[in-house]
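Data block below; observations after.
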Amino acid sequence: MSGARSRPGAVLLEVSESDWDPGPWVRALKKVLPGRRVLTDGEGLEANDAVYALVWKPSAERLKRLHSLRAIFSLGAGVDHILDVGSLPDVPIVRIVADDLTARMTEYVVWQVLHHHRQAFAYAAQHQAHDWRGREQPAAAEVTVGVMGFGTLGQHAGQRLSSLGFRVVGWRRSAAPVAGFTVYGSDNLGAFLAETDILVSLLPLTPQTRGMVDRDLLARLRPDGPLGGPVFINAGRGGTQVEADIIDALRQGSLLGASLDVFAKEPLPPGDPLWTTPRLVITPHVAAASDPDALSSQIAEQIAAFEAGRPLIHLVDPQRGY
Ligand code: NDP
Ligand code: OXD
């Protein structure tokens with residue numbers, strides 16, 4: 001017993017993605033958790049002793065075998081990949097909230113908003129046609145960006161977009177106010193959409209948000225804004241969108257443009273019709289990658305605080321789904 005006490009509980013990295021390289025995480029974690037075993041799934045029976053599981057798309061079977069487990073850490077900000085596993089051990093689930101990840105997401109959102117605002121598709125076509133003509137360009141202040149999922153990432157991106165001059169409104173479950181922004185709650189979706197020219201979704205995937213961005217929702221965006229039509233950007237989760245409806249809206253022209261970083265099925269299959277849909281930017285779920293060096297120290301600090309009897313922070317509410 002005393003021997004077990006003197007040896008700090010092991011950490012298990014459990015990631016079921018075939019092309020995932022655990023090396024950078026193992027190296028970063030060993031630096032910030034000196035003296036602690038950092039195991040990967042390959043370590044078989046020894047892995048069953050892990051006290052903390054650091055996971056991305058974990059397997060239910062593996063989690064069930066961790067009889068000493070005290071907490072699960074998501075290796076990302078989202079946790080649908082954990083909650084989807086089904087019956088989970090009854091331990092706290094912690095997600096990533098970190099400046100590095102937040103800054104990366106804001107970069108992506110600002111990049112895509114500017115891409116559509118500055119008419120990048122139209123100028124790319126003009127370039128191909130050697131067509132030297134300036135297009136009418138609305139000012140940022142004339143354009144309203146509506147951020148669905150106005151939480152940690154949404155508010156930070158919203159602040160940066162505001163400082164570029166865009167009008168930014170937020171939509172969140174609680175409708176809790178955020179200084180400097182108009183914030184709508186779940187029961188005010190219609191009013192939020194009606195004034196939105198560029199819709200940015202940073203929603204988590206939950207039973208409530210699954211499939212919510214469909215043709216009906218897209219049809220409620222402001223149709224006659226200064227860009228000539230609405231735009232949709234999704235860097236939250238692909239399961240929140242109905243991809244056939246986005247394809248139709250882009251082909252029919254009711255959607256001026258779209259940017260998708262996340263998809264119902266990832267990797268996006270080679271023959272998927274999204275690949276050939278016009279005025280669509282596709283990126284392979286890279287909006288805000290989890291950087292092992294930037295994020296490991298936060299996980300180590302949480303473990304140290306927890307073992308010193310202080311509460312874990314950034315806890316997930318499994319009932320709410322995020
Ligand atoms: P937060 O939990 O801080 O924010 C989530 C927001 O969504 C909150 O504002 C919440 O409302 C709102 N929300 C949740 N459910 C509903 C609902 N049913 N109706 C209206 N609003 C709702 O999460 P983060 O901002 O840190 O992350 C958001 C998501 O971004 C992650 O869950 C993940 O899926 C995705 N992500 C994607 C990455 C990528 O590379 N593409 C990288 C990192 C994250 P309230 O504030 O009232 O609780
Ligand atoms: C995350 C992600 O949730 O990368 O952090 O998708």
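Keep in mind the model is a prediction, meaning the values are calculated, not measured. When a ligand or atom number is given, it counts from 1 through the structure's own listing order.
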Discussion item. What verdict does the salt bridge (Lys or Arg N to Asp or Glu O under 4.0 Å) test give for R220 and D216, after you've listed the backbone C-alpha separation in whole Å, the side-chain angles of each residue and the deciding distance to 0.1 Å?
Written reply: CA-CA 7 Å; R220 293 158 84 189; D216 293 342; over 6 Å; no
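Under 4.0 Å from ligand 1, not a single heavy atom of M148 appears. Contacts between T209 and ligand 1, counted as non-hydrogen atom pairs separated by less than 4.0 Å, involve the side chain only. When heavy-atom distances to ligand 1 are checked against a 4.0 Å cut-off, Q208 comes that close only through its side chain, counted from C-beta outward. At a heavy-atom distance under 4.0 Å, only side-chain atoms of D261, from C-beta outward, approach ligand 1. If you look at V262 next to ligand 1, the close heavy atoms, those under 4.0 Å, all belong to the side chain. Contact annotation: for A287 versus ligand 1, heavy atoms closer than 4.0 Å belong to both the backbone and the side chain. When heavy-atom distances to ligand 2 are checked against a 4.0 Å cut-off, A288 comes that close only through its backbone atoms N, CA, C and O.
Enclosure of atom CD in E17 by more than 12 non-hydrogen atoms of other residues, nucleotides or ligands within 6.0 angstrom is indicated. For D90, the CG atom sits in a loose shell: 12 or fewer heavy atoms of surrounding residues, nucleotides or ligands are nearer than 6.0 Å. Atom CZ of R320 has more than 12 neighbouring heavy atoms from other residues, nucleotides or ligands inside a 6.0 Å radius.
Residue V85 comes nearest to P58 through the heavy atom pair CG2-O, 3.2 Å, listed as atom of the first residue, atom of the second, then distance. Shortest non-hydrogen contact noted between A47 and L66 is O-CD2, 3.3 Å. Pairing each heavy atom of G211 with each of V242, the nearest pair is O-CG2, 3.6 Å. Residues A50 and L12 approach most closely at CB-CB, 3.5 Å, considering heavy atoms.
Short contacts between ligand 1 and M105, defined as distances under 4.0 Å to a heavy atom of the residue, involve ligand atoms 37 (C), 38 (C), 39 (C), 41 (N), 42 (C). If you number the atoms of ligand 1 from 1 as listed, the ones under 4.0 Å from a heavy atom of P204 come out as 5 (C), 7 (O), 14 (C), 32 (O). Here is the list of ligand 1 atoms found below 4.0 Å of a heavy atom in H285: 39 (C), 40 (O), 41 (N). Near A77, meaning under 4.0 Å from one of its heavy atoms, ligand 1 places the atoms 43 (C), 44 (C). Counting atoms of ligand 1 from 1 in the listed order, those under 4.0 Å from a heavy atom of A288 are 39 (C), 40 (O), 42 (C). If you number the atoms of ligand 1 from 1 as listed, the ones under 4.0 Å from a heavy atom of S186 come out as 19 (N), 20 (C). The atoms of ligand 1 that sit less than 4.0 Å from any heavy atom of S174 are 45 (P), 47 (O). Close contacts between ligand 1 and W171 involve ligand atoms 19 (N), 20 (C), 21 (N) [criterion: under 4.0 Å to a heavy atom].
Of the protein's heavy atoms, L153 CD1, 3.4 Å lies nearest to atom 27 (O) of ligand 1. Protein heavy atom closest to atom 15 (N) of ligand 1, with residue, atom name and distance, is Y322 CE2, 3.7 Å. In terms of protein heavy-atom proximity, atom 35 (C) of ligand 1 is nearest to G236 O, 3.5 Å. Residue, atom and distance of the protein heavy atom nearest to atom 31 (C) of ligand 1 are G78 CA, 3.8 Å. What sits closest to atom 33 (C) of ligand 1 on the protein, heavy atoms only, is R237 NH1, 3.6 Å. Counting protein heavy atoms only, atom 28 (C) of ligand 1 is closest to L202 O, 3.2 Å. Protein heavy atom nearest atom 6 (O) of ligand 2, with residue, atom name and distance: H285 NE2, 2.6 Å.
The shortest distance between side-chain heavy atoms of F73 and L312 falls below 4.5 Å. In this structure, W111 and T283 have side chains that are in contact, with non-hydrogen atoms separated by less than 4.5 Å. In this structure, L161 and I198 have side chains that are not in contact, with every pair of non-hydrogen atoms separated by 4.5 Å or more.
Residue-to-ligand polar distances keep L205 apart from ligand 1: every N/O pair is separated by 3.5 Å or more. Polar contact with ligand 1: absent for G149 (N/O pair, distance under 3.5 Å). Taking only nitrogen or oxygen atoms, main chain and side chain alike, A77 reaches within less than 3.5 Å of ligand 2. The shortest N or O to N or O distance between A289 and ligand 1 is not under 3.5 Å. Between F150 and ligand 1, a contact under 3.5 Å exists for at least one N or O pair. Taking distance alone, with nitrogen or oxygen atoms compared against 3.5 Å, R173 approaches ligand 1 more closely than that limit. At a 3.5 angstrom cut-off on N or O pairs, L101 does not count as close to ligand 2. Residue-to-ligand polar distances place R237 within reach of ligand 2: an N/O pair is separated by less than 3.5 Å.
Using a 4.0 Å heavy-atom cutoff, G76 is absent from the residues neighbouring ligand 1. Under a 4.0 angstrom heavy-atom cut-off, A235 registers as being in contact with ligand 1.
Y322 and R173 share a side-chain donor-acceptor pair at under 3.5 Å. Side-chain atoms of R167 and T144 include a donor-acceptor pair closer than 3.5 Å. No hydrogens or angles considered: a donor-acceptor pair under 3.5 Å links the side chains of Q126 and R135.
Taking the charged nitrogens against the carboxylate oxygens, E61 and K64 do have a contact shorter than 4.0 Å, which makes a salt bridge.
The only member of V169, V200, V183, L203 that meets side-chain contact (heavy atoms from CB on, under 4.5 Å) when paired with F150 is V183.
The distance from the CG atom of L54 to the CH2 atom of W25 is 7.0 Å, given to the nearest 0.5 Å. Summarising the geometry, atom CG belonging to L69 is positioned 11.5 Å from atom CG belonging to D49; distances are rounded to the nearest 0.5 Å.
Considering only non-hydrogen atoms, atom 1 (P) of ligand 1 lies nearest to R95 out of H81, R210, R95.
Classified by interplanar angle (parallel below 30°, tilted 30° to 60°, perpendicular above 60°), the ring pair H81/W56 is tilted.
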